[in-house]
There are 2 protein chains.
Amino acid sequence: MSAAKTKKTVTNETALAEQLREVGLRPTQQRMALADLLFGRGNRHITAESLYNDALTAGVNVSLATVYNALHTFTAKGLLREITIDSTRSYFDTNVDEHHHFYFEKSGRLEDIDHTSVKLARLPEAPDGLPVSRIDVVIRIDG
Amino acid sequence: MSAAKTKKTVTNETALAEQLREVGLRPTQQRMALADLLFGRGNRHITAESLYNDALTAGVNVSLATVYNALHTFTAKGLLREITIDSTRSYFDTNVDEHHHFYFEKSGRLEDIDHTSVKLARLPEAPDGLPVSRIDVVIRIDG
DNA sequence: CCCTAACATTAGAATTATTCTAATCTTATT
DNA sequence: AATAAGATTAGAATAATTCTAATGTTAGGG
C-alpha cells in the first residue's frame with residue numbers, strides 16, 4: 001500500500017525519513033527503500049549482497065555500490081553495527097546494543113547473545129591506558 | 001650462510017623439512033622458504049601481502065597465489081591460526097596456543113593477550129548442545 | 001638405481017568483494 | 001522558481017582471493 005502523494009511542501013513526512021534526517025542523512029529514494037528493508041523487521045545480520053538481493057526482489061532500483069555506501073553510512077551514524085567474523089564478507093547487524101555472537105561455522109550463520117549472558121571477570125589493562133572502544137566475543141560453534 | 005649441499009640420498013634433512021613432513025606436507029622450495037620466514041622469529045601476525053613482501057625482500061621466488069596456498073595449508077595443519085578482525089584482509093597468527101587479542105583501530109596492529117589474562121565467568125549454553133570449537137575475544141583499542 | 005604413474009604443488013588467469021570518482025540529485029537560500 | 005554548494009549515486013576501477021591447467025615431487029616397479 002502506497003502512502004498518499006506528498007505535496008511539494010513537506011507536510012506528511014514519514015517516520016523513517018525523519019529518523020534519517022535526525023542523523024544527518026538525506027531521505028533519498030534509495031536510502032529510504034534500503035532503510036525500510038533493514039529496519040522494517042526485527043534484528044538481522046545482513047551482507048551487502050543479501051541486502052542487494054532483498055532490494056531486487058522488492059523491485060527497488062538501486063546499485064550494489066549504493067548498497068555498500070548505505071551500509072557504511074548507516075554504520076558511521078550508529079544505525080548499524082559491523083561485525084567481522086568471516087574475512088570473505090562483511091556482516092552488518094541491525095542490533096546496535098551491546099551484545100555478542102554465536103557463529104555457526106558450517107552454515108555461516110550468526111546468532112545474537114545478550115550481553116548479560118557473558119561475563120568477563122578479568123580483563124587485561126589496555127596498553128598505554130588507551131581507551132577501549134569495544135569488546136567482541138565470538139563463540140564459534142562446530143555445527 | 002648456506003648449508004652443505006645435500007646428497008641425493010636424504011641424509012641431513014633439516015628440522016624444518018622434518019616438521020613439514022610430520023604434518024603431511026612436502027618440503028618444497030617455496031614452502032621451506034615461507035615456513036622459515038614465518039617461524040624463524042617469534043610470534044607474529046602476518047597477512048598474505050606482508051609475507052609476500054618478506055619473501056620478495058629475502059629473494060625467494062614465489063608467487064602471491066602460492067603464499068595464499070601456504071597460509072591456508074599451514075592453517076589447516078595447525079601450524080597457523082587465522083584471525084578475522086578486519087574484513088579487508090586476513091591475518092594469520094604464528095601463535096597457535098589459546099589466547100586473545102588487542103586490536104589497535106588506527107594502525108590496524110594486533111597484539112596477543114595471554115589466555116590467563118581474560119576470564120569468562122559466565123557463558124551461554126551453545127544452541128542444541130553443539131560443541132564450541134573456539135571462543136575469540138577481541139578488545140578494540142581506540143588508538 | 002632409473003623410470004613412470006599418481007598425486008601434490010605452483011602460479012597465471014579468472015573471479016569476487018569492495019572502493020573510487022565523475023555525473024547526478026537535493027536542498028538551502030535567495 | 002533559479003542557483004550554488006554539497007550530498008548521493010552507480011559505472012568503472014581496484015584489491016583480495018580463488019581456480020585450474022601446468023609443473024614438480026615421490027613412491028614403487030622394473
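The analysis underlying the following values was restricted to heavy atoms, covering all of them including side chains, and did not include hydrogens, waters or symmetry mates. Computed from a prediction, not measured in an experiment: that's the story for all the values here.
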(Q) Quick one: does any side-chain atom of B:Ser133 pair with a main-chain N or O of A:Arg140 as donor and acceptor, under 3.5 Å? (A) yes
(Q) Output the rounded distance in Å from OH (B:Tyr91) to P (D:dA16). (A) 11 Å
Q. Starting at CZ of A:Arg26 and ending at C1' of C:dT26, how long is that distance when rounded to a whole Å?
A. 4 Å
**Q.** Cluster check A:Leu120, B:Val132: I/L/V/M/F/W/Y, side chain < 4.5 angstrom
**A.** yes
Q. Hey, does the side chain of A:Thr28 come within less than 4.0 Å of D:dT9's phosphate (OP1/OP2), counting only N and O?
A. yes
Q: Would you check if there is a donor-acceptor pair between the side chains of B:Asp114 and B:His99 at a distance under 3.5 Å?
A: no
Q. Given D:dA10, is OP1 or OP2 found less than 4.0 Å from the side-chain N or O atoms of A:Ser63?
A. yes
(Q) Can you tell me how the ring of B:Tyr103 sits relative to the ring of B:Tyr91, calling it parallel under 30°, perpendicular over 60° and tilted otherwise? (A) perpendicular
Q | Nucleotide C:dT26, atom P - distance to CE of A:Met32 in whole Å | A | 12 Å
Q. Should the ring pair A:His45 and A:His101 be called parallel, tilted or perpendicular, given that the plane angle runs from 0 to 90° and is split at 30 and 60?
A. perpendicular
Q. In the single-linkage hydrophobic clustering (I, L, V, M, F, W, Y; side-chain heavy atoms under 4.5 Å), do A:Leu34 and A:Leu64 co-cluster?
A. yes
Q: In whole angstrom, give the distance that lies between atom OH of B:Tyr52 and atom P of D:dT18.
A: 17 Å
Q | Rounded distance in Å - CD (A:Gln30) to P (D:dA7) | A | 17 Å
Q. Quick one: B:Asn53 CG to D:dA15 C1', roughly how many Å, whole number?
A. 14 Å
Q: Could you state the atom-to-atom distance from CG of A:Asp86 to C1' of D:dT18 in whole Å?
A: 14 Å
Q: Verify the contact: side-chain N or O of B:Gln29 to OP1 or OP2 of D:dG24, cut-off strictly under 4.0 Å; return yes or no.
A: no
Q) What string of B, S and - do you get for nucleotides 16-21 of chain C, 5' to 3', if B is base contact, S is sugar-phosphate-only contact and - is no contact with any protein heavy atom under 4.0 Å? A) -SBB--
Q: Measure from CG on B:Leu51 to P on C:dA11 and round the result to the nearest Å.
A: 13 Å
Q) Are more than 12 heavy atoms from other residues, nucleotides or ligands located less than 6.0 Å from atom CZ of A:Arg41? A) no
